[in-house]
Amino acid sequence: MRGSGRLVRRYARALFEAAREAGSVPEVARDLERLGAALAAGPFLDSLLDPVADRSAKKRALAERVSLETPLVRRFVELLLDRRREEVFPLLAGAFALEADRAAGVVRGLVVAARAVPEEDIRALEQVLGASLGSTVRLAVEIDPELVGGIRIDVAGRRLDATVPGRLAALREELLAAPLA
C-alpha cells in the first residue's frame with residue numbers, strides 16, 4: 001500500500017470510536033468489507049488512487065460500485081476522498097477489525113503447520129494462549145509443507161517455534177555456543 005500503516009490505524013480508530021458511539025460496529029464492519037471487496041479489482045483501485053482524477057467523479061464511481069448501507073461509512077468515505085486519503089481504503093477493513101478486536105480484548109494469531117491441524121487442537125491452543133496472555137485468542141491456520149513437521153505460532157508479537165527447521169536451528173545455535181572440551 002502507498003499509505004502508511006500509522007495513517008490507516010489512525011483513521012480506523014476514529015471510525016471505530018464513531019461506530020461504537022453510534023452502536024453500529026457490526027454494520028460498519030460489513031460496509032468496510034464490501035468496500036474492500038470492491039477495491040480488490042485492480043483497475044478500479046488504480047482509478048480511485050489516481051491523484052489527477054476528479055474527486056466528485058471518484059465519489060460517483062464509488063457510490064455506483066459499492067452499496068454502503070451505513071450513513072457513517074458513506075460520510076467517512078467522502079471525508080477520505082475530500083482529504084485525498086484514498087490510499088487508506090484498501091486496508092481500512094482490516095485495521096477496523098483490529099480496533100474492534102482490541103476493544104473486545106481479542107488477540108489474533110497465526111498457526112503455521114506442515115499439515116492440517118484438527119479444529120479441537122486449535123481451540124485448545126487458543127485456550128492455553130488466552131490464559132497465558134490474559135486475553136481471548138483467535139488463531140488462523142496456514143499450511144506450509146516445507147516445515148516437514150511441527151507448528152509455529154505467532155501471537156501478540158511473540159513467536160513459538162516448534163517446527164522441525166526451528167528445532168534444528170535451535171540445536172545448531174546450542175552446538176555453536178557450547179564450549180569446546
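- When all heavy atoms of Arg108 and Val155 are compared, the pair lying nearest together is O-CG2, 3.9 Å.
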Glu78 vs Arg75, test: salt bridge (Lys or Arg N to Asp or Glu O under 4.0 Å). Steps then yes/no.
CA-CA 5 Å; Glu78 288 184 10; Arg75 287 191 312 269; over 6 Å; no
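- Between Asp50 and Lys58 no salt bridge is recorded (no basic side-chain N to carboxylate O distance below 4.0 Å).
- Within the 4.5 Å cutoff, no side-chain heavy atoms of Val111 are placed close to those of Arg152.
- In this structure, the side chains of Leu80 and Leu92 come closer than 4.5 Å at one or more pairs of heavy atoms.
- Few gaps surround CD on Glu120; more than 12 heavy atoms of other groups in view lie less than 6.0 Å from it.
- Taken to the nearest 0.5 Å, the CZ atom of Arg74 stands 15.0 Å off from the CG atom of Leu79.
- Taking 4.0 Å as the cut-off between side-chain N and carboxylate O, Glu33 and Arg30 do not count as a salt-bridged pair.
- The minimum heavy-atom distance linking Ser47 with Ala53 is given by the pair O-CB, 4.1 Å.
- Closest heavy-atom contact between Leu39 and Pro90: CD1-N, 4.2 Å.
- One distance of note links CZ of Arg10 with CZ of Arg6; it measures 9.5 Å at 0.5 Å rounding.
- With rounding to the nearest 0.5 angstrom, the CD atom of Glu119 is 7.0 Å from the CD1 atom of Ile122.
- Both Tyr11 and Val25 are assigned to one and the same hydrophobic cluster, defined by single-linkage of ILVMFWY side chains at heavy-atom distances under 4.5 Å.
- Ala113 and Val117 get closest at one heavy-atom pair: CB-CG2, 3.5 Å.
- Remark: Arg102 CZ is packed, more than 12 non-hydrogen atoms of other residues, nucleotides or ligands lying under 6.0 Å away.
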Ile153 and Leu129: side chain to side chain contact (heavy atoms under 4.5 Å, CB included), yes or no, with the steps?
CA-CA 10 Å; Ile153 304 170; Leu129 292 169; 3.9 Å; yes
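- Leu160 and Ile143 fall within the same hydrophobic cluster, defined by Ile, Leu, Val, Met, Phe, Trp and Tyr side-chain heavy atoms under 4.5 Å apart, directly or through other members.
- Val112 and Leu125 are not part of a single hydrophobic cluster, where members link through side-chain heavy atoms under 4.5 Å apart.
- Considering all non-hydrogen atoms of both residues, Leu68 and Asp31 come closest at C-OD2, 3.5 Å.
- Remark: Gln127 CD is loosely packed, at most 12 non-hydrogen atoms of other residues, nucleotides or ligands lying under 6.0 Å away.
- Put simply, the side chain of Val148 does not reach to within 4.5 Å of the side chain of Thr163, judged on heavy atoms.
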Working for salt bridge (Lys or Arg N to Asp or Glu O under 4.0 Å), residues Asp82 and Lys59
CA-CA 9 Å; Asp82 289 340; Lys59 288 178 185 179; 2.6 Å; yes
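- Geometric assessment of Arg65 against the ring of Phe44 yields a positive cation-pi assignment under the 6.0 Å and 45° thresholds.
- Classification of Arg34 and Glu69 as a salt-bridged pair holds, one side-chain N sitting under 4.0 Å from a carboxylate O.
- Annotation: Arg83, atom CZ; neighbour count of heavy atoms from other residues, nucleotides and ligands within 6.0 Å does not exceed 12.
- Ion pair Glu87/Arg85 flagged as a salt bridge, since at least one NZ, NE, NH1 or NH2 atom sits closer than 4.0 Å to an Asp/Glu carboxylate oxygen.
- Within a 6.0 Å sphere centred on CZ of Arg123, other residues, nucleotides and ligands contribute more than 12 heavy atoms.
- Leu139 and Leu98 end up in different hydrophobic clusters when Ile, Leu, Val, Met, Phe, Trp and Tyr side chains are linked at under 4.5 Å.
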Under the criterion side chain to side chain contact (heavy atoms under 4.5 Å, CB included), I'd like the reasoning laid out for Arg138 against Asp101: C-alpha separation, chi angles, the key distance, then a yes or no.
CA-CA 10 Å; Arg138 295 286 173 250; Asp101 284 349; over 6 Å; no
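- For the pair Val28/Phe76, no side-chain contact is recorded, criterion being any heavy-atom separation below 4.5 Å from C-beta on.
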Would you sort out whether Leu15 and Leu32 count as a side chain to side chain contact (heavy atoms under 4.5 Å, CB included), showing the intermediate values?
CA-CA 11 Å; Leu15 181 58; Leu32 293 177; 3.7 Å; yes
Yes or no on salt bridge (Lys or Arg N to Asp or Glu O under 4.0 Å) for Arg159 and Asp154, after CA distance, side-chain angles and deciding distance?
CA-CA 5 Å; Arg159 176 171 277 186; Asp154 293 309; 2.7 Å; yes
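- Proximity of Phe89 to Leu81: side-chain heavy atoms (C-beta onward) are separated by under 4.5 Å at one or more points.
- Closest heavy-atom contact between Ala95 and Val8: CB-CG1, 3.6 Å.
- Distance check: Glu86 CD to Arg84 CZ gives 7.0 Å after rounding to the nearest 0.5 Å.
- Note on Val66 and Leu48: same hydrophobic cluster, where clusters join Ile, Leu, Val, Met, Phe, Trp and Tyr whose side-chain heavy atoms are under 4.5 Å apart, directly or indirectly.
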